[in-house]
Amino acid sequence: LSSGCLGSCTYCKTRQARGKLQSYKPEQIISRVRQACMEGVKDIYITSEDTGAYGRDIGTSLPELMRNVLQVVPEDVMIRIGMTNPPYILQHLEAMAEILNH
């Protein structure tokens, strides 16, 4: 989904190693998901260093991306969402709960 992060946690070197958050465009992710499904993939991981922060740097969000991803994924494909840190996912908790219960 992205590289880098928005945090500055004293125990973590991600930002120092990878820089500030750099999210991939939604179209790129959706295209890759669609391609994986066409190749027969049945288990897709949506993840990054901080999945919940996805899109904050490009004017979108994880819930918005996931709604679009679910439109191109067949029902027999499992979508798994990777790790996230509380500060960013908490803002989307209700929307993500709805998406995860689809």
Side-chain angles (χ1 to χ4, degrees):
L1 293 183
S2 61
S3 182
C5 75
L6 295 174
S8 56
C9 303
T10 58
Y11 58 85
C12 183
K13 294 291 185 189
T14 298
R15 187 164 181 178
Q16 184 178 6
R18 305 230 173 144
K20 291 184 179 179
L21 181 69
Q22 297 174 342
S23 299
Y24 290 98
K25 293 178 183 177
E27 301 82 27
Q28 292 174 289
I29 297 168
I30 293 164
S31 174
R32 183 61 188 113
V33 167
R34 184 179 286 123
Q35 179 184 351
C37 291
M38 289 173 35
E39 292 171 358
V41 172
K42 299 295 181 188
D43 203 6
I44 298 174
Y45 286 80
I46 304 288
T47 193
S48 66
E49 280 90 11
D50 186 359
T51 303
Y54 170 77
R56 293 175 67 91
D57 58 327
I58 59 171
T60 190
S61 67
L62 181 62
E64 190 173 328
L65 173 69
M66 292 309 302
R67 285 185 190 104
N68 291 323
V69 164
L70 291 176
Q71 291 178 2
V72 301
V73 173
E75 285 189 26
D76 64 337
V77 173
M78 173 70 75
I79 300 290
R80 299 177 191 271
I81 299 176
M83 73 149 252
T84 184
N85 295 313
Y88 302 110
I89 198 66
L90 288 174
Q91 298 169 5
H92 305 297
L93 215 58
E94 199 170 306
M96 289 307 297
E98 180 183 316
I99 290 164
L100 293 172
N101 283 318
H102 82 280

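- Residues V72 and V77 are members of one and the same hydrophobic cluster, defined by side-chain heavy-atom contacts under 4.5 angstrom among Ile, Leu, Val, Met, Phe, Trp and Tyr.
- Y88 places no side-chain N or O within 3.5 Å of a backbone atom of Y54 that could act as its donor or acceptor partner.
- A pairwise comparison of heavy atoms in G4 and E49 identifies N-OE1, 3.2 Å as the closest pair.
- Under a hydrophobic-cluster definition in which Ile, Leu, Val, Met, Phe, Trp and Tyr are linked whenever side-chain heavy atoms come within less than 4.5 Å, directly or via other members, L70 and I29 are assigned to the same cluster.
- Placement of Y45 and L100 in two distinct hydrophobic clusters is found when ILVMFWY residues are connected by side-chain heavy-atom separations under 4.5 Å, directly or transitively.
- Taken together through direct or relayed side-chain contacts under 4.5 Å among Ile, Leu, Val, Met, Phe, Trp and Tyr, M66 and I58 form part of one hydrophobic cluster.
- In this structure, T51 and M83 approach most closely via the heavy-atom pair OG1-O, 2.9 Å.
- With a 4.5 Å cut-off on side-chain heavy atoms, T60 and L65 do not count as touching.
- Considering every non-hydrogen atom in both I44 and C37, the closest pair reads CD1-SG, 3.9 Å.
- Atom CZ in R56 sits 9.0 Å away from atom CG in L21 (nearest 0.5 Å).
- Between the side chain of D50 and the backbone N or O of N85 there is at least one donor-acceptor pair closer than 3.5 Å.
- H92 NE2 to E94 CD: the interatomic distance, rounded to the nearest 0.5 Å, is 12.5 Å.
- Dense packing is recorded around CD of E39, with more than 12 heavy atoms of other residues, nucleotides or ligands lying under 6.0 Å away.
- In the hydrophobic clustering of this structure, Y24 groups with V41; members are Ile, Leu, Val, Met, Phe, Trp, Tyr whose side-chain heavy atoms approach within less than 4.5 Å, directly or through other members.
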Fill in: Criterion side-chain contact (heavy atoms from CB on, under 4.5 Å) on K20 and D57, from CA distance to verdict
CA-CA 9 Å; K20 291 184 179 179; D57 58 327; over 6 Å; no
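- Distance alone, capped at 3.5 Å, places no donor-acceptor pair between the S23 side chain and the S2 backbone.
- The closest side-chain heavy-atom distance from E64 to P26 is not below 4.5 Å.
- Checking side-chain atoms of T84 against main-chain N and O of G52 turns up a donor-acceptor pair under 3.5 Å.
- Considering only heavy atoms from C-beta on, I30 comes within 4.5 Å of V69 through its side chain.
- When side chains are defined from C-beta on, I46 counts as touching L1, because their heavy atoms get closer than 4.5 Å.
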